[in-house]
Amino acid sequence: MTLIECFINSPVENIAASLCLKPDKVIFIGSAEDMHKKKEKYRLLLEKKGVFPDFICKDTEIDCFESAKKAIKKAVLSEKDCVLDITGGQENVLLAAGYVYNSLKATHPFKIMRFDENSSLMTDVITKQKNIGKRA
(Lines give C-alpha, C1' and ligand atoms only; values in the text may rest on other atoms or scores of the structure.)
Protein backbone atom coordinates (compact mmCIF):
# COMPACT_ATOMS: atom_id res chain seq x y z
CA MET A 1 0.00 0.00 0.00
CA THR A 2 1.17 3.52 -0.77
CA LEU A 3 0.48 6.38 1.60
CA ILE A 4 0.17 9.79 0.00
CA GLU A 5 0.94 12.24 2.76
CA CYS A 6 0.00 15.92 2.74
CA PHE A 7 3.25 17.30 4.19
CA ILE A 8 3.30 20.02 6.84
CA ASN A 9 5.99 21.12 9.28
CA SER A 10 4.61 18.95 12.07
CA PRO A 11 6.38 15.63 12.66
CA VAL A 12 3.42 13.95 14.39
CA GLU A 13 1.06 14.80 11.53
CA ASN A 14 3.59 13.57 8.96
CA ILE A 15 4.28 10.13 10.49
CA ALA A 16 1.17 9.14 12.47
CA ALA A 17 -0.50 7.53 9.46
CA SER A 18 2.68 5.60 8.63
CA LEU A 19 2.76 4.21 12.17
CA CYS A 20 -0.89 3.14 11.89
CA LEU A 21 -1.00 1.83 8.33
CA LYS A 22 2.59 0.57 7.85
CA PRO A 23 2.78 1.43 4.13
CA ASP A 24 5.32 0.08 1.65
CA LYS A 25 5.79 3.57 0.19
CA VAL A 26 5.18 7.13 1.40
CA ILE A 27 4.78 10.00 -1.05
CA PHE A 28 5.09 13.38 0.64
CA ILE A 29 3.33 16.21 -1.22
CA GLY A 30 3.95 19.82 -0.23
CA SER A 31 6.07 22.92 -0.55
CA ALA A 32 8.17 22.82 2.62
CA GLU A 33 11.80 23.64 1.94
CA ASP A 34 13.02 21.02 4.40
CA MET A 35 10.69 18.22 3.29
CA HIS A 36 13.59 16.28 1.74
CA LYS A 37 15.74 16.63 4.88
CA LYS A 38 12.94 15.63 7.24
CA LYS A 39 12.09 12.48 5.33
CA GLU A 40 15.43 11.00 6.42
CA LYS A 41 14.64 11.71 10.09
CA TYR A 42 11.19 10.18 9.64
CA ARG A 43 12.73 7.12 7.99
CA LEU A 44 14.98 6.52 11.01
CA LEU A 45 12.13 6.98 13.46
CA LEU A 46 9.81 4.64 11.56
CA GLU A 47 12.54 2.00 11.22
CA LYS A 48 12.84 1.96 15.03
CA LYS A 49 9.11 1.14 15.12
CA GLY A 50 9.42 -1.64 12.52
CA VAL A 51 8.05 0.33 9.57
CA PHE A 52 10.25 0.41 6.44
CA PRO A 53 8.61 2.41 3.63
CA ASP A 54 10.33 3.90 0.61
CA PHE A 55 10.02 7.70 0.67
CA ILE A 56 9.37 9.98 -2.29
CA CYS A 57 8.93 13.76 -2.14
CA LYS A 58 6.77 15.62 -4.65
CA ASP A 59 7.31 19.36 -4.42
CA THR A 60 4.46 21.75 -5.12
CA GLU A 61 4.59 25.47 -5.67
CA ILE A 62 3.95 27.49 -2.51
CA ASP A 63 0.23 28.18 -2.05
CA CYS A 64 -0.59 26.91 -5.54
CA PHE A 65 -3.77 24.83 -5.81
CA GLU A 66 -3.07 23.77 -9.41
CA SER A 67 0.41 22.51 -8.54
CA ALA A 68 -0.92 20.52 -5.57
CA LYS A 69 -3.81 19.13 -7.63
CA LYS A 70 -1.44 17.95 -10.35
CA ALA A 71 0.94 16.28 -7.85
CA ILE A 72 -1.84 14.46 -5.98
CA LYS A 73 -3.58 13.31 -9.15
CA LYS A 74 -0.33 11.99 -10.61
CA ALA A 75 0.46 10.13 -7.38
CA VAL A 76 -3.01 8.59 -7.12
CA LEU A 77 -3.06 7.49 -10.76
CA SER A 78 0.41 5.96 -10.55
CA GLU A 79 -0.35 3.76 -7.52
CA LYS A 80 -2.65 0.71 -7.51
CA ASP A 81 -3.44 0.67 -3.79
CA CYS A 82 -3.18 4.05 -2.13
CA VAL A 83 -4.48 6.02 0.81
CA LEU A 84 -4.38 9.81 0.93
CA ASP A 85 -3.74 11.11 4.45
CA ILE A 86 -5.14 14.59 5.10
CA THR A 87 -4.10 14.80 8.77
CA GLY A 88 -1.66 17.60 8.03
CA GLY A 89 -0.97 19.59 4.94
CA GLN A 90 -1.17 23.11 3.71
CA GLU A 91 -4.57 24.52 2.85
CA ASN A 92 -4.04 24.41 -0.91
CA VAL A 93 -2.94 20.77 -0.73
CA LEU A 94 -5.98 19.78 1.33
CA LEU A 95 -8.31 21.55 -1.10
CA ALA A 96 -6.59 19.81 -3.99
CA ALA A 97 -7.03 16.44 -2.24
CA GLY A 98 -10.79 16.94 -2.09
CA TYR A 99 -10.91 18.09 -5.70
CA VAL A 100 -8.92 15.09 -6.93
CA TYR A 101 -11.03 12.66 -4.91
CA ASN A 102 -14.24 14.10 -6.32
CA SER A 103 -12.94 14.01 -9.90
CA LEU A 104 -11.59 10.44 -9.71
CA LYS A 105 -14.01 8.65 -7.37
CA ALA A 106 -16.00 7.06 -10.22
CA THR A 107 -13.05 5.93 -12.33
CA HIS A 108 -10.12 5.52 -9.91
CA PRO A 109 -11.40 5.31 -6.32
CA PHE A 110 -8.99 5.69 -3.42
CA LYS A 111 -9.29 6.22 0.31
CA ILE A 112 -8.90 9.48 2.17
CA MET A 113 -8.00 9.06 5.83
CA ARG A 114 -7.22 11.19 8.82
CA PHE A 115 -5.40 10.38 12.07
CA ASP A 116 -7.68 10.41 15.11
CA GLU A 117 -5.64 11.65 18.06
CA ASN A 118 -8.22 10.35 20.55
CA SER A 119 -7.86 6.71 19.48
CA SER A 120 -4.37 6.92 17.90
CA LEU A 121 -5.86 5.13 14.88
CA MET A 122 -7.04 6.20 11.44
CA THR A 123 -10.52 7.22 10.29
CA ASP A 124 -11.81 6.94 6.73
CA VAL A 125 -13.01 10.47 5.93
CA ILE A 126 -15.51 9.32 3.30
CA THR A 127 -17.17 6.33 5.02
CA LYS A 128 -16.55 7.61 8.58
CA GLN A 129 -15.22 4.14 9.52
CA LYS A 130 -12.96 4.51 12.58
CA ASN A 131 -10.19 2.58 14.25
CA ILE A 132 -8.33 1.55 11.09
CA GLY A 133 -4.78 0.23 11.31
CA LYS A 134 -2.51 -0.26 14.31
CA ARG A 135 -2.33 2.12 17.27
CA ALA A 136 0.36 4.74 16.65
Side-chain angles (χ1 to χ4, degrees):
M1 183 264 297
T2 297
L3 178 64
I4 302 170
E5 185 72 52
C6 298
F7 189 89
I8 193 165
N9 285 323
S10 171
V12 171
E13 292 180 359
N14 289 330
I15 64 165
S18 291
L19 290 169
C20 290
L21 301 176
K22 302 187 182 303
D24 300 311
K25 184 191 300 184
V26 176
I27 301 174
F28 284 128
I29 296 180
S31 61
E33 290 180 21
D34 57 351
M35 181 168 58
H36 297 275
K37 291 180 198 173
K38 286 189 176 180
K39 80 173 183 176
E40 295 307 319
K41 291 179 182 178
Y42 297 156
R43 180 191 321 274
L44 293 173
L45 179 65
L46 290 171
E47 285 177 359
K48 289 179 183 177
K49 299 293 184 181
V51 182
F52 304 94
D54 292 327
F55 284 89
I56 298 170
C57 292
K58 299 291 182 183
D59 294 304
T60 61
E61 295 173 36
I62 295 173
D63 295 327
C64 180
F65 172 80
E66 288 297 322
S67 177
K69 181 178 79 171
K70 183 178 177 182
I72 292 170
K73 186 174 183 178
K74 185 175 180 182
V76 167
L77 292 175
S78 69
E79 302 298 323
K80 286 184 181 178
D81 180 23
C82 66
V83 171
L84 178 59
D85 176 34
I86 61 167
T87 303
Q90 298 152 335
E91 192 173 283
N92 64 308
V93 177
L94 297 176
L95 289 170
Y99 180 90
V100 171
Y101 176 81
N102 195 49
S103 68
L104 294 178
K105 66 183 176 185
T107 59
H108 197 89
F110 61 96
K111 293 181 180 182
I112 297 182
M113 293 191 183
R114 182 172 181 77
F115 180 71
D116 178 16
E117 58 190 45
N118 294 323
S119 68
S120 295
L121 295 163
M122 300 299 289
T123 297
D124 186 311
V125 175
I126 306 303
T127 66
K128 307 294 187 220
Q129 179 187 356
K130 293 186 176 196
N131 301 330
I132 299 169
K134 306 280 184 201
R135 192 171 299 279

Exercise for review: Taking the side chain as every heavy atom from C-beta outward, state whether L46 and P53 have any pair of such atoms under 4.5 Å apart.
Suggested key: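 The answer is yes; the side chains approach within 4.5 Å.
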Practice item. Kindly indicate whether the side chain of L84, heavy atoms from C-beta on, has any atom under 4.5 Å from the side chain of Y101. Key: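 Not in contact.
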Give, for atom [atom1] of [X] and atom [atom2] of [Y], the distance between the pair rounded to the nearest 0.5 Å.
X    : Y    : atom1 : atom2 : value
L45  : E40  : CG    : CD    : 13.0 Å
S18  : R43  : OG    : CZ    : 11.5 Å
I132 : T127 : CD1   : OG1   : 6.0 Å
M35  : I29  : CE    : CD1   : 8.5 Å

Practice item. Could I get the full list of ring-ring contact (aromatic ring centres under 6.0 Å, His included) partners for F7, not counting sequence neighbours? Key: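 Only F28 meet the ring-ring contact (aromatic ring centres under 6.0 Å, His included) criterion with F7.
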Point to revise | Derivation and outcome, side chain to side chain contact (heavy atoms under 4.5 Å, CB included), residues V51 and L21 | key: CA-CA 9 Å; V51 182; L21 301 176; over 6 Å; no
Using a 6.0 Å cut-off, check whether atom [atom1] of [X] has over 12 heavy atoms from anything other than its own residue.
X    : atom1 : result
K39  : NZ    : yes
K111 : NZ    : no
K58  : NZ    : no
E61  : CD    : no
F55  : CZ    : yes

**Study point:** For E117, all residues meeting salt bridge (Lys or Arg N to Asp or Glu O under 4.0 Å), sequence neighbours excluded
**Key:**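 In terms of salt bridge (Lys or Arg N to Asp or Glu O under 4.0 Å), with neighbours along the sequence ignored, E117 is linked to no residue.
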Point to revise | Audit row: I56, D54, side chain to side chain contact (heavy atoms under 4.5 Å, CB included) steps and yes/no | key: CA-CA 7 Å; I56 298 170; D54 292 327; 5.6 Å; no
Review point. What residue among K73, K74, E79 forms side-chain contact (heavy atoms from CB on, under 4.5 Å) with L77?
Key: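 Filter result, single survivor: K73.
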**Study point:** Member of M122, R135, M113 meeting the side-chain contact (heavy atoms from CB on, under 4.5 Å) criterion with C20
**Key:**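 Looking at M122, R135, M113, the match for C20 under the side-chain contact (heavy atoms from CB on, under 4.5 Å) is M122.
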**Study point:** Sidechain-backbone polar pair: D24 side chain, M1 backbone, donor-acceptor under 3.5 Å
**Key:**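 Between the backbone of M1 and the side chain of D24 there is a qualifying donor-acceptor contact (under 3.5 Å).
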**Study point:** Donor-acceptor pair, side chain of D85 and main chain of C6, under 3.5 angstrom
**Key:**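 Answer holds: no.
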Point to revise | D116 and L121: CA distance, side-chain angles, deciding distance, side chain to side chain contact (heavy atoms under 4.5 Å, CB included) verdict | key: CA-CA 6 Å; D116 178 16; L121 295 163; 5.7 Å; no
